[in-house]
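One structure below.
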Amino acid sequence: MVRVRFAPSPTGYLHLGGARTAIFNWLFARHHGGRFILRIEDTDRSRSTQESIQEILEAMRWLGLDWDEGPYRQTERMEIYRREVQKLLEEGKAYYCYCTPEELEERRKKALEEGRMPKYDGRCRERRGPREGVNPVVRLKVDQEGETVIQDLIKGEVVYPNSQLDDFILLRSDGTPTYNFVVVVDDALMGITHVIRGDDHLNNTPKQIQLYRALGYEPPRFAHVPMILGPDRARLSKRHGATSVLAYREDGYLPEALFNFLVRLGWSHGDQEIFSREELIRYFSLEHVGKSPAVYNPDKLLWLNAHYIKTGDTQRLARLLTPFLSKEGLIQEGEEPDPDWLCRVVETLKERARTLKEMAQMAAFYFREPQGYDPKGEKKFLKPQVLPYLEGLVQELEALEDFSEGEIEEAFNRVIARFNIKLKHLAQPCRVALTGKTVSPGIYEIISVMGKEKALSRLKKAIQHVRKKERSEALSH
RNA sequence: GGUCCCAUCGUCUAGCCCGGUUAGGACACCGGCCUCUCACGUCGGCGGCAGGGGUUCAAAUCCCCUUGGGACCGCCA
């Protein structure tokens, strides 16, 4: 049975790279009918926070990454780690080291200056007895001869000279275990079959393999996925913009869009770009994960998001849109617009908005009168010549019982026939009058959704506006 | 500095393992069509095998070197 895990350290939010690793693990588990385990790597107590944990779990839930076991927390498993260290110590595979951090730092600096590799020299291996006033760390006796070979499921065979390895620390002087130790113990004891993680860990793998052997456990299969890079080809970080998964929710992205985007970054299935979750589970395999790092491309994410909005369920979108409406100040906090009406609003905006945030901004005119007219639009379309057309339209609309799109279209047709003008000569002035802008969804649909009362009052207001302007201009001449 | 990883349009990638394609798709960009504006849609265009050596009748594909990029070398994970 396939058992995989996602093991974030709670020292910050879940970022895009971590999310993609989680997604690959989740997909691999679901594809193989295995188990997806969540483990919190919080051995660094000074940097781990409860808020981080909550934020990570929230982000995973949002992305729909459900876990089958956990979340385990390493801080709750200290007894296990102590027991494993004890075992190593008794078997002579690990030893106490009394070198102080200062001494190590000193030697590291010197080595770097002399162009040597900065690694621990193993001087405490043969040491007998403690040193006065120093709390020791525990180090693993690492084999420095020969080489370690990794059969990586993504990178292929990686050969690593053991001379690069040093006796790394298992237990800190305060008795807490380090990452390279707990990760091995946990993966072994939790029966992890495939370790799928970022390739920044590839260099850790040889020492971890040695530790598996020292502990007497069979190493799992490894799959190291390439990093996600920023546009400058440096590892993606905060300075490249939003990297927190939840920030994308705030910005109006749909989880399925981010999910699709992240999977497709580094993995492919022929020429297909859009995948449902079911397809992803069916098609996903490590063989088609690329070996090279991928540059994050926000435009493509935006395109995918637009696609999922366009094709998404209207009722769901309406529900998701509501908080964005209140963020835009269009409705009160906690206010719920009529669901049927909001669905009509969304229908008109679905294929235009790329994010929910954009959609809320585009919807503004449905909720409040134009705050003045777009200057260019006013100059071009709200001029005295159009007054008869707009007045004619007001008459026609007032007479309508049924304010449906079809009826409104017929009303427009009667007006343009009467004045023998083209539709755009009526539609554009009308659009500016109703929305204050020169762009909007189709004119019939917005009038219908807006309703008779709002539409007529705005049209009349625009007519008044044009008249007033006309008078003041006449006076000044 | 050492070790490891990587290299197809600006970006994500198919093709590479098993040599023979006008090197395919998508985003972005540009243009046409559609049209009440914008968008959607649709049609078309621009644009790439990092460089150099081999092997071969034939190399994006196999081998070597160079260059470039990334990661790691912590009492961080």
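Owing to the predicted nature of the structure, the values given are computational and were not obtained by experimental measurement. Numbered from 1 within each chain, the chains take letters A, B, ... in sequence-line order.
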Notebook entry, point to check: Quick one: side-chain hydrogen bond (donor to acceptor under 3.5 Å, both in side chains) partners of A:E147, sequence neighbours excluded?
Noted result: none
Next item on the list: Report the base-pairing partner of B:U61 (Watson-Crick or G-U wobble, both distances below 3.5 angstrom), or none.
Entry: none
Margin query: Return the pairing partner of B:C17 with a 3.5 Å limit on both distances, Watson-Crick or G-U wobble; otherwise return none.
Written below: none
Check: Who are the side-chain hydrogen bond (donor to acceptor under 3.5 Å, both in side chains) partners of A:Y120, not counting sequence neighbours?
Finding: none
Margin query: For a quick test of reading the model: is some side-chain N or O of A:R108 closer than 4.0 Å to OP1 or OP2 of B:G2?
Written below: no
Item checked: Touch class at under 4.0 angstrom, heavy-atom based, for A:C97 against every strand present -> nothing
Notebook entry, point to check: Got a sec, which residues hit side-chain contact (heavy atoms from CB on, under 4.5 Å) with A:D374, two or more places apart in sequence or on another chain?
Noted result: A:K376, A:T438
Check: Between A:Y283 and A:H288, does the ring centroid distance fall short of 6.0 Å?
Finding: no
Notebook entry, point to check: Taking RNA chain B as the partner, which of residues 262-270 of chain A come within under 4.0 angstrom of it by heavy atom?
Noted result: A:R264, A:L265, A:G266, A:S268
Next item on the list: Give A:V137 one of three labels, base, sugar-phosphate or nothing, depending on what nucleic acid heavy atoms sit under 4.0 Å from its own.
Entry: base
Next item on the list: Would you indicate what A:T176 reaches in the nucleic acid, counting non-hydrogen atoms under 4.0 angstrom: base, sugar-phosphate, or nothing?
Entry: nothing
Note to self: With a 3.5 Å distance limit and no angle check, can you tell me whether A:E84 reaches the backbone of A:Y81 through a side-chain donor-acceptor pair?
What the structure shows: no
Notebook entry, point to check: Heavy atoms, side chains only, cut-off 4.5 Å: are A:F6 and A:I196 in contact?
Noted result: no
Item checked: Who pairs with B:U3 - Watson-Crick or G-U, where each distance is under 3.5 Å -> B:A71
Checklist line | Pairs satisfying ring pair (Phe, Tyr, Trp, His ring centres under 6.0 Å), at least one member in residues 349-368 of chain A, at least two apart | finding: A:W341-A:F367
Check: Pairs in or reaching into residues 166-189 of chain A: which pass ring pair (Phe, Tyr, Trp, His ring centres under 6.0 Å), with residues at least two apart or in two chains?
Finding: A:Y179-A:H201
Acceptor/donor pairs from residues 136-146 of chain A side chains to any protein atom, 3.5 angstrom cut, sequence neighbours excluded:
{"unit_1": "A:R139", "atom_1": "NH1", "unit_2": "A:D167", "atom_2": "O", "d": "2.7"}
{"unit_1": "A:K141", "atom_1": "NZ", "unit_2": "A:G92", "atom_2": "O", "d": "3.3"}
{"unit_1": "A:D143", "atom_1": "OD1", "unit_2": "A:E145", "atom_2": "N", "d": "3.0"}
{"unit_1": "A:Q144", "atom_1": "OE1", "unit_2": "A:K119", "atom_2": "NZ", "d": "2.8"}
{"unit_1": "A:Q144", "atom_1": "NE2", "unit_2": "A:V142", "atom_2": "O", "d": "3.3"}
{"unit_1": "A:Q144", "atom_1": "NE2", "unit_2": "A:L165", "atom_2": "O", "d": "3.2"}

Item checked: A:R352 and A:E445 ion-paired at < 4.0 Å -> yes
Margin query: Any strand counts, and the cut-off is 3.5 Å on both contacts for Watson-Crick or G-U wobble. Which nucleotide pairs with B:G44?
Written below: B:C30
Item checked: Polar pair under 3.5 Å, donor/acceptor by atom type, side chain A:T178, base B:C75 -> no
Next item on the list: Not counting sequence neighbours, which residues clear side-chain hydrogen bond (donor to acceptor under 3.5 Å, both in side chains) with A:N413? List them please.
Entry: none
Next item on the list: Report yes or no: is there a donor-acceptor pair, N or O only, under 3.5 Å between the side chain of A:N204 and the base of B:A77?
Entry: yes
Next item on the list: Starting at the 5' end of nucleotides 3-9 of chain B, put B wherever the base has a protein heavy atom under 4.0 Å, S where only the sugar-phosphate does, and a dash everywhere else.
Entry: BSSSS--
Margin query: Under 4.0 Å, counting only non-hydrogen atoms across every strand here, what does A:E273 touch: a base, just sugar-phosphate, or nothing?
Written below: base
Notebook entry, point to check: Applying a 3.5 Å limit to both distances, which nucleotide forms a Watson-Crick or G-U wobble pair with B:C49?
Noted result: none
Hey, can you pull the donor-acceptor pairs under 3.5 Å for the side chains in residues 153-160 of chain A, sequence neighbours left out?
{"unit_1": "A:K155", "atom_1": "NZ", "unit_2": "A:D199", "atom_2": "OD2", "d": "3.0"}
{"unit_1": "A:K155", "atom_1": "NZ", "unit_2": "A:K291", "atom_2": "O", "d": "3.2"}
{"unit_1": "A:E157", "atom_1": "OE1", "unit_2": "A:Q151", "atom_2": "NE2", "d": "3.0"}

Tabulated below should be each protein N or O lying under 3.5 Å from an N or O of nucleotides 61-68 of chain B; please produce it.
none

Notebook entry, point to check: Which nucleotides of nucleotides 34-48 of chain B have their base under 4.0 Å from a protein heavy atom (B), which only their sugar-phosphate (S), and which neither (-), written as one string 5' to 3'?
Noted result: --BBBBSS-------
Next item on the list: Run the salt-bridge test on A:E256 and A:R277 with the 4.0 Å N-O cut-off and return the result as yes or no.
Entry: no
